[in-house]
Amino acid sequence: MALTISSSPSPSVSMGLIEQKKGVKHLVDNSKDMKMLPAEFILALPEAERPSLAIHGSIPVIDLSGLNGSIEQRLSTIHAISSACAEWGFFRVTNHGIKSCMMDEMVKVIEEFFRLPLEEKMRYGSEDVMDAVRYGTSLNTTRKHALHWRDFLRHYGGPVPHSYHLWPDNPSNYRDIAKEYLKEVWQLAVKIFGAISEGLGLDPNYIERSIGEGTQIIAANYFPPCPEPNKTLGLAAHSDHGGLTILMDNGIHGLQIKHNQTWFAVPHVPGTFVVNLGDYLEILSNGRYKSVEHRAVVNAEKTRISVAVGHGPEMDAIVQPADPLIKEMSESKYRPIVYKDYIRGQQSTIERRKSALHEIMTSSDNNIDD
Ligand SMILES: O=C(O)CCC(=O)C(=O)O
Ligand SMILES: [Fe+2]
């Protein structure tokens, strides 16, 4: 069922448009002892999809040190990654080579950014989904929809971050820390892309070659405590547009993933990353792997921060299934599309889920609800 703006009368208070655009941190900071969720945030979620009903589960855990081990270890790690991609589309990585202190430092500087006065953050305010740097709130404030309980900072990274000079210069160490973090995360993504290529029976460099210079986008999400967390979401169900997202948070639970039509809560495990497949890999694998819907739930007590970094092809690349996989399956299950057009379309939806991907599927027998 679609998420729609609740039509039932709500006893909650209501906010003006200007106030809405100031975001949820500002709202919470300026409302003493808020007990009720403002009506604009109430999401009409089907009963079975209530955040509190998610099952506590565990996703596959991949020890990446296996990729540098003996031939047997390497093959068994690649096999474990392929199975995780086919069965879950989500896995946790350990021994990934990024130091915990760097992860902590990144979360800390993001937290400092969100703690800046509103005017300072608004220097990066943008409603254009393609802008290189954007501070904002909810999902898409240019269109009327039930608001999401999150503020965000998004910007491009990449091995050579062309937009570096546009990134926040306050906190003063933000650029240095983010640059270093994004560089390491990029290398990690390339390593996993290599294993996924091999698992798909492709040349080990196939995906790396396909993404070329690539596109890396960081989305730092800030979810303050919410007065009625079961009535809204920090981020509603969506799949990511890129190939791989590498995600961490500040230790506060909130990520849920849809697996076999059931929402699973994914716990925080210190020092690890959660990796998920996005639409680009579903397309490239010609549907062998599916991007997975996930969402962020909020809680009444603690602020949650998550840092998601997506990795996809160059903006002007034409996204389509890998040739060898089209030949193997005797059909192409997705229509070619320029990646930036795909992103623009996906980011402009308000009922996100996997709607953008469904638009480019060539046959209706693709499992719509996977
Ligand atoms: O907050 C989370 O755990 C998920 C964030 C996410 O899915 C995103 O930014 O795309
Ligand atoms: Fe996501």
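Order of appearance sets the numbers: ligands from 1, and atoms from 1 within every ligand. In this chain, residues are counted from 1 in sequence order. All heavy atoms count here, side chains included; hydrogens, waters and symmetry mates do not.
A donor-acceptor contact closer than 3.5 angstrom links the side chains of Ser126 and Asp131. Judged purely by distance below 3.5 Å, without hydrogens or angles, the side chains of His162 and Glu213 pair a donor atom with an acceptor atom.
The distance criterion of under 3.5 Å between nitrogen or oxygen atoms is not met by Arg150 with respect to ligand 1.
Within the structure, ligand 1 has Phe223 among the residues with a heavy atom less than 4.0 angstrom away. Put simply, part of Leu247 is less than 4.0 Å from ligand 1, judged by heavy atoms.
Which parts of ligand 1 touch Asp240 is read off a 4.0 Å heavy-atom cut-off, strictly below it: atoms 10 (O). For ligand 1, the atoms sitting less than 4.0 Å from at least one non-hydrogen atom of His294 are 7 (O), numbered in the order shown with element in parentheses. Below 4.0 Å from some heavy atom of Ala308 lie the following atoms of ligand 1, by number and element: 8 (C), 9 (O).
In terms of modelled atom types and a separation under 3.5 Å, the side chain of Trp88 and the main chain of Pro60 share no donor-acceptor contact. Although no hydrogens or angles enter the test, the distance criterion places a donor-acceptor pair under 3.5 Å between the side chain of His238 and the main chain of His294. Checking side-chain atoms of Ser138 against main-chain N and O of Leu147 turns up no donor-acceptor pair under 3.5 Å. Under a 3.5 Å cut-off, the side chain of Asn260 and the backbone N or O of Thr262 do not form any donor-acceptor pair. Side-chain atoms of Gln216 come within 3.5 Å of backbone N or O of Leu182 as a donor-acceptor pair.
With a heavy-atom cut-off of 4.0 Å, Asp249 does not touch ligand 1 at all.
Shortest contact from atom 3 (O) of ligand 1 to any protein heavy atom: Arg304 NH2, 2.8 Å. Of the protein's non-hydrogen atoms, the one nearest atom 10 (O) of ligand 1 is His238 NE2, 3.1 Å. The protein non-hydrogen atom at the shortest distance from atom 5 (C) of ligand 1 is Asn221 ND2, 3.5 Å. Ranking the protein heavy atoms by distance from atom 6 (C) of ligand 1 puts Leu235 CD2, 3.6 Å first.
A salt bridge links Lys231 with Glu228: the distance from a Lys NZ or Arg NE/NH1/NH2 to an Asp or Glu carboxylate oxygen falls below 4.0 Å.
Relative ring orientation between Phe114 and Tyr135 is described as tilted, the plane-to-plane angle lying within the 30° to 60° band.
When NE2 of His294 and NE2 of His238 are joined through the Fe ion (ligand 2), the resulting angle is 90° to the nearest 10°.
Looking at Gly310, Gly242, Ser239, Ser306, it is Ser306 that brings a heavy atom closest to atom 2 (C) of ligand 1.
Counting just the N/O/S atoms of Asp240, the one with the shortest distance to the Fe ion (ligand 2) is named OD1.
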